[in-house]
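Heads up: numbering here begins at 1 and tracks the sequence.
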Amino acid sequence: MNRTLYAPLIFELSRKGREGYSLPSDNLGQDKYKPCQLPAHLLRQEAPASLPEVDELTAARHYTNMSGNNFGVDTGFYPLGSCTMKYNPKINEEVAALPGFTDVHPAQPTETLQGSLHLYHHLAAMLAEVGGMHAFTLNPYAGAHGELTGLMVIRTYHLRRGDYKRVKIIVPDSAHGTNPASAAVCGLQIVQVKSTAQGTVDLEDLRTKLGDDIAGMMMTNPNTLGIFEKDIPEIARLVHECGGLMYYDGANLNPMMGVCRPGDMGFDVMHINLHKTFSTPHGGGGPGSGPVGVRKGLEEYLPNPQVYFDEVEQQYAMRFSKEALGSISSWLGNFGILVRAYAYLLTLGHEHIAQAAKLSVLNANYIKEQLKDYYELPIEGLCKHEFVFDGLRAEYGGDHHDPDHATTLQVAKRLLDFGFHAPTIYFPLLFHEAMMIEPTENESKETLDRFIEVLKNIAIEARDNRESLRTAPHCTPISRPDDVKAVREPRFKF
């Protein structure tokens, strides 16, 4: 690749007095674009804001050049494990941009919102079918927000029954970090359960953690190692017998959709990441969406407002139920994201949703098998949508006992030179040099083969030319910033 040239910041391009616009006056000589007069107490009293002063062409080139330095699913392969960085079909964007969806307000009379409420209601029903649940709310803004909402459903369930001692939630040691974080925000105490050498929940350790103070257990399936938790029925039985509920973290639903359903495995509550499994935009701080589903008997606790079909009026309506746990978002969540997910599901259809899931499994296993002679595979066997290496094999410089061994971070930085985003690194924490790879179902065999070829070449380079690996990346605007200094001495302004 050619080295990307440094693009000056817009403050460096600024020149005093330079403007990028000229607005006309009206026919009376008055500036019709003059802003309204703000109250004096709202105006800046000191010097004017230090904003860049550039012409329009400079501004356009600046932002265009800056966008070229960003990496996204549309620009290259993004094998970020655990995050399902899936291509966002452009038809979804076109549908979400239709005036009937963009030119509405949630406080309009419901008779003028029938199309939007119809979509909400039907998408909830479709997700309930995919998840094996009875009902869904689409109000949560993101996956972690969905986790919190689901845990609030579990807490509400116990509190309404007068069972106040259930304040603990069981979380596997391989869980996503948002699981214990969401539980803590919900006021629950975290009880960690160990994994076996095969990467699945240790049933014997789980049995020692169960009691009448357990509110529930959070699980991801396939788990964070990409391994299917085959003991789910027994785990669900044990947790239910002690009075707890089962929570399904839907971050890894992609290889499951249309193939098997969390509700059929014994889960009572679940969330789904629309910005992962259902192809809506992901990253950049949002917007996301984390719908929450529940089994029959828990639907009354779902947050307000709730969308339902009024049989008397024969139209869709919203209600604020007194039984609900409250409201967790403004109105109906990130509605534009819901439209995109709905379009995605209609595009796949009932007959093709499972094919997408199976292709994600095929792609992951293809990469794993091609690379396991170069990278350490701690757990053999069939994976699902993702898998984890523990760094390079010893013969390629990955001996962990050697203080000068080739690290996963070095491999990740070297990948950038070849136009690939790095996979997730150093997570999960079960392995010292973890490298988690998830290709999704969208990528062609040619892309996967190129990725495999590059990772093989990097392994050989780590063995024969370590210095090239240590100094990578060589083709990015910034090569190796001081990560520690950036944290300890952050600079938030130019």
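- In this structure, R319 does not pair ionically with D310, as no charged nitrogen and carboxylate oxygen lie closer than 4.0 Å.
- Remark: the backbone N or O of E311 is paired with a side-chain donor or acceptor of Q314 at under 3.5 angstrom.
- The local environment of NE2 in H122 is crowded, with over 12 non-hydrogen atoms from other residues, nucleotides or ligands closer than 6.0 Å.
- Salt bridge present: D213 and K168 bring a charged side-chain N and a carboxylate O closer than 4.0 Å.
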Practice task
Evaluate the criterion side chain to side chain contact (heavy atoms under 4.5 Å, CB included) for residue pair M217 and V201; output intermediate values, then yes/no.
Solution key: CA-CA 11 Å; M217 180 173 181; V201 169; 4.2 Å; yes
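- Between Y141 and T149, the side chains place no donor N or O within less than 3.5 Å of an acceptor N or O (distance only, hydrogens not considered).
- With no hydrogens or angles considered, a side-chain donor-acceptor pair links T200 and T196 at under 3.5 Å.
- Considering N442, T277, N254 as possible partners of K86, the one that fulfils the side chain to side chain donor-acceptor pair (under 3.5 Å) test is N254.
- Using a cutoff of 4.0 Å between basic side-chain nitrogens and carboxylate oxygens, E204 and R207 are scored as salt-bridged.
- Within the 3.5 Å criterion, the main-chain N or O of G199 finds a donor-acceptor partner in the side chain of N223.
- Checked by atom type, the side-chain pair N221/E229 shows no donor-acceptor distance below 3.5 Å.
- Q108 contributes a side-chain N or O that, together with a main-chain N or O of H105, makes up a donor-acceptor pair within less than 3.5 Å.
- At least one side-chain heavy atom of I235 sits under 4.5 Å from a side-chain heavy atom of L203.
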Practice task
May I have the step-by-step check of side chain to side chain contact (heavy atoms under 4.5 Å, CB included) for M133 and F267, ending in yes or no?
Solution key: CA-CA 9 Å; M133 294 287 156; F267 287 98; 4.1 Å; yes
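- Distance CD1/I328 to CG/L148: 8.5 Å, rounded to 0.5 Å.
- Side chains of T84 and N273: a donor-acceptor N/O pair is absent below 3.5 angstrom, by distance only.
- A distance-only check finds a donor-acceptor pair linking the side chain of S329 to the backbone of N139 [under 3.5 Å].
- Distance check: L206 CG to L238 CG gives 6.0 Å after rounding to the nearest 0.5 Å.
- Among F136, Y316, Y308, the one residue that satisfies the ring-ring contact (aromatic ring centres under 6.0 Å, His included) test with H121 is Y316.
- Inspection of the E147 and T178 side chains reveals an N or O donor paired with an N or O acceptor under 3.5 Å.
- With hydrogens and angles disregarded, no donor-acceptor distance shorter than 3.5 Å links the side chain of R295 to the backbone of G263.
- For the pair H134 (side chain) and E299 (backbone), a donor-acceptor distance under 3.5 Å is absent.
- Counted by atom type alone, H240 and D268 present one or more donor-acceptor pairs between their side chains at under 3.5 Å.
- In plain terms, the two heavy atoms of T224 and S174 that are nearest each other are OG1-O, 2.6 Å.
- Under the side chain to side chain contact (heavy atoms under 4.5 Å, CB included) criterion, Q192 pairs with D173, not counting sequence neighbours.
- Put simply, CZ on F278 and CG on L123 are 8.0 Å apart, with the number rounded to the nearest 0.5 Å.
- Within the 4.5 Å cutoff, the side chain of L159 has no heavy atoms near those of the T156 side chain.
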Exercise for the section: Show your reasoning for whether side chain to side chain contact (heavy atoms under 4.5 Å, CB included) applies to E441 and H385. Expected result: CA-CA 9 Å; E441 70 276 12; H385 63 304; over 6 Å; no
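- In this structure, a donor-acceptor pair under 3.5 Å is absent between the side chains of S82 and E386.
- Y247 is not listed as a side-chain neighbour of V171, based on a closest heavy-atom distance of 4.5 Å or more.
- Considering CZ of F451 and OG1 of T447, their distance stands at 11.0 Å, rounded to 0.5 Å.
- For the pair R450 and E446, the salt-bridge criterion is not met [side-chain N within less than 4.0 Å of a carboxylate O].
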Exercise for the section: I would like to know whether T440 and Y78 meet side chain to side chain contact (heavy atoms under 4.5 Å, CB included); could you show each step before the answer? Expected result: CA-CA 9 Å; T440 80; Y78 212 135; over 6 Å; no
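- Residues C260 and M265 come closest through the heavy atom pair SG-CE, 3.6 Å.
- Using cut-offs of 30° and 60° on the angle between ring planes, the pair F101 and F335 is tilted.
- Counting non-hydrogen atoms of neighbouring residues, nucleotides and ligands closer than 6.0 angstrom, the CD atom of E56 reaches no more than 12 such neighbours.
- For the pair L332 and L117, the minimum side-chain heavy-atom distance is below 4.5 Å.
- Residues F387 and L382 are not in side-chain contact: their nearest non-hydrogen atoms beyond the backbone lie 4.5 Å or more apart.
- Counting non-hydrogen atoms of other residues, nucleotides and ligands closer than 6.0 Å to OH of Y63 gives a total of 12 or fewer.
- Atoms SG and CG, on C186 and L151 in that order, are 5.0 Å from each other to the nearest 0.5 Å.
- Judged purely by atom type and a 3.5 angstrom limit, S116 has no side-chain atom pairing as donor or acceptor with the backbone of L113.
- What you find for Y426 and T408 is that their closest heavy atoms are OH-N, 3.6 Å.
- In this structure, the side chain of N363 does not engage the main chain of P439 through any donor-acceptor pair within 3.5 Å.
- Using a 4.5 Å heavy-atom cutoff, the side chains of H158 and I154 are in contact.
- The cationic atom of R160 (NZ for Lys, CZ for Arg) does not lie both less than 6.0 Å from the six-membered ring centre of Y301 and within 45° of the ring axis.
- Annotation for I437 and P423: closest pair CG1-CB, 3.7 Å, computed over non-hydrogen atoms.
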Problem - Candidate pair K90 and E94, rule salt bridge (charged side-chain N to carboxylate O under 4.0 Å, His left out), full reasoning - result: CA-CA 6 Å; K90 297 303 173 275; E94 292 182 27; over 6 Å; no
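- For T280 (side chain) and R340 (main-chain N/O), no donor-acceptor pair under 3.5 Å exists by modelled atom type.
- Y344 places none of its side-chain heavy atoms less than 4.5 Å from the side chain of L274.
- By the neighbour-count criterion of 12 heavy atoms within 6.0 Å, atom NZ of K165 is densely surrounded, having more than that number from other residues, nucleotides or ligands.
- Atom OG of S67 and atom NE2 of H62 lie 10.0 Å apart (nearest 0.5 Å).
- Here the shortest heavy-atom pairing between K276 and A251 reads NZ-CB, 3.6 Å.
- When all heavy atoms of G143 and H275 are compared, the closest pair comes out as N-CE1, 3.5 Å.
- Under the 30°/60° scheme for interplanar angles, the aromatic rings of F427 and H176 are found to lie parallel.
- The neighbour count for K445 NZ, taken as heavy atoms of other residues, nucleotides or ligands under 6.0 Å away, does not exceed 12.
- Remark: the backbone N or O of T110 is paired with a side-chain donor or acceptor of Q114 at under 3.5 angstrom.
- Side-chain contact of N252 with K384: a donor-acceptor pair under 3.5 Å is absent, judged by distance alone.
- With a 4.5 Å cut-off on side-chain heavy atoms, P180 and M218 do not count as touching.
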